[in-house]
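This report concerns only the one structure given below.
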Amino acid sequence: KVITGMARPAGDKKTFTFTLVRATGNDPMPSPATVTITDEGTAKIAPITFTKPGEYTYTMKETNNGHAGYTYDGSTHTIKVTVTDDNGQLKATWKDGTESPSHVTFTNDFSAKPADLVFPVKKILTGGTPPAAQTFTFTLVPVGNAPVPVNDTATINGAGTANFGKVTFTEAGVFGYTVKETQGTAAGYTYDNSTKTIRVSVTNVAGNLTPVWTVNGAQVTEITFTNN
C-alpha cells in the first residue's frame, strides 16, 4: 500500500483491505483470501498450496472502505501463477500482468476538503458625534506562505463591519496574518495604530480542513479597531 498526497492526521491511521479471487472454480485458494494493511506498508496473503503443475490465474482488488479524504485505487491486478515440476519438486513463479514484481502495489491518494475563512473587521467610534461619517481603511497582510485573501483591504464608512473576502486553505498547518488601519488625516480623529496579529491553525478532521483563528492570542469573532 502506497499513499500519496497530503500528510495524514497524526495518529489517524486507516486500515485497507485487499481480496484475491480465482479465475476458475478449480484453482486453489488461500484461507483467508483477504489481507489488510494499516496505513502504508506491506502484508502477505495466506499461502496457496499447489498440488500439480499448471497455469493459475487470480485477480486482486482493493476494497473501498470509504475512508474520508482518500481516493481509492480502483485497479484490478491480474496475477498469473506458473507451477512447474522440477525433478519431482513443484516450483511456482508469478506475474502481475506482464511484470514480475516483489509486491502487488495499490496506490491511494489522500487530500482534504479545502476550508474557507473570512476575517471580519469592526470599526468602533468613541467620543463625540462626528459631523460627517469618515471612511476607514484596513489592510490584511499574509505572513510567509499563508494563503492570500480575495481582497487585501477593507473599508468601513463610519462605525460598522466589513471583511476582506474569503481566504481558502488547502493544507493543514499554522498560518499568520497582520491587520492594520491606515492612519488617516480626518480632523478630530485619533486613529487606532495597533497591529492585530492573526494566527490560524488548520487541522485535518476526518478529511475536512478545519481552521481555528485567534487575534493577539485570543479567540474572537471579529477584529476590532477603535477610533476616538
Side-chain angles (χ1 to χ4, degrees), residues 1-116 144-145 147 168-175 200-212:
K1 165 53 61 182
V2 175
I3 301 175
T4 59
M6 297 175 60
R8 278 91 65 203
D12 185 24
K13 295 183 177 182
K14 304 301 184 184
T15 297
F16 304 96
T17 304
F18 311 88
T19 302
L20 187 74
V21 178
R22 59 189 166 196
T24 67
N26 296 322
D27 288 349
M29 286 288 291
S31 181
T34 60
V35 65
T36 60
I37 299 174
T38 298
D39 202 54
E40 292 187 289
T42 61
K44 290 183 179 181
I45 204 160
I48 303 174
T49 300
F50 297 96
T51 58
K52 60 182 180 180
E55 299 285 337
Y56 303 87
T57 303
Y58 302 86
T59 60
M60 181 172 279
K61 292 182 179 181
E62 177 179 11
T63 301
N64 187 334
N65 293 323
H67 295 314
Y70 287 89
T71 300
Y72 281 78
D73 190 330
S75 60
T76 298
H77 291 260
T78 299
I79 300 170
K80 294 184 180 293
V81 180
T82 302
V83 180
T84 57
D85 186 334
D86 185 7
N87 294 323
Q89 182 177 356
L90 293 181
K91 292 186 177 181
T93 58
W94 65 279
K95 288 185 177 183
D96 179 3
T98 59
E99 303 296 325
S100 298
S102 59
H103 302 89
V104 179
T105 301
F106 292 86
T107 301
N108 289 5
D109 187 79
F110 180 77
S111 62
K113 184 179 179 181
D116 292 334
N145 64 340
T168 300
F169 296 91
T170 59
E171 60 181 341
V174 177
F175 306 93
V200 184
S201 178
V202 182
T203 56
N204 188 322
V205 180
N208 294 287
L209 291 180
T210 304
V212 175

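All heavy atoms count here, side chains included; hydrogens, waters and symmetry mates do not.
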Output for pair (K80 NZ, T98 OG1), nearest 0.5 Å, gives 11.0 Å
Using the rule side chain to side chain donor-acceptor pair (under 3.5 Å), only one of N65, T38, D39 pairs with T15; which is it? T38
Short question: side chain of H103, backbone of K1 - any donor-acceptor pair under 3.5 Å? no
Compute the ring centroids of H67 and F110, then answer whether they are less than 6.0 Å apart. no
A46 versus P30, closest heavy-atom pair with distance: O-CB, 3.2 Å
Which value, rounded to the nearest 0.5 Å, describes the distance between T59 atom OG1 and I79 atom CD1? 8.0 Å
Distance, nearest 0.5 Å, that separates OG1 of T17 from CD1 of I37: 9.5 Å
Aromatic rings Y70 and Y72: how do their planes relate, parallel, tilted or perpendicular, breaks at 30° and 60°? tilted
Here the pair of heavy atoms bringing L209 nearest to P114 is CD1-CA, 4.2 Å
Is the number of heavy atoms from other residues, nucleotides or ligands under 6.0 Å of D86 CG greater than 12? yes
Side chain to side chain contact (heavy atoms under 4.5 Å, CB included) partner of M60, chosen from I45, V21, D96: I45
Atom CE in M29, atom CG in D27: separation rounded to 0.5 Å? 9.0 Å
Listed by chain and number, what are the side-chain hydrogen bond (donor to acceptor under 3.5 Å, both in side chains) partners of T170, not counting sequence neighbours? none
Between T49 and P28, the two heavy atoms sitting closest are O-CB, 3.4 Å
Within the 4.5 Å heavy-atom criterion, are I3 and D109 side-chain neighbours or not? no
How long is the straight-line distance from NZ of K95 back to OG of S100, given to the nearest 0.5 Å? 4.5 Å
Which atom names give the shortest non-hydrogen contact between Y58 and R22, and what distance separates them? CD2-CA, 3.6 Å
Going through the distances and angles, do T78 and T57 end up as a side-chain contact (heavy atoms from CB on, under 4.5 Å)? CA-CA 7 Å; T78 299; T57 303; 3.9 Å; yes
Do F50 and Y56 have ring centres separated by under 6.0 Å? yes
Check whether any side-chain heavy atom of T63 lies under 4.5 Å from a side-chain heavy atom of T34, and answer yes or no. no
Student check: side-chain heavy atoms of L20 and I48 closer than 4.5 Å: yes
Looking only at side chains, do S75 and D73 share a donor and an acceptor under 3.5 Å apart? yes
For a quick test of reading the model, state the closest non-hydrogen atom pair linking T105 to H77 and the distance between them. O-NE2, 3.1 Å
My understanding is that only one of T76, N108, T107, T19 makes a side chain to side chain donor-acceptor pair (under 3.5 Å) with E62; could you say which? N108
CZ on F106 to CZ on F16, rounded to 0.5 Å: 12.5 Å
Shortest non-hydrogen separation from T84 to P53 and the atoms involved: CA-CB, 4.4 Å
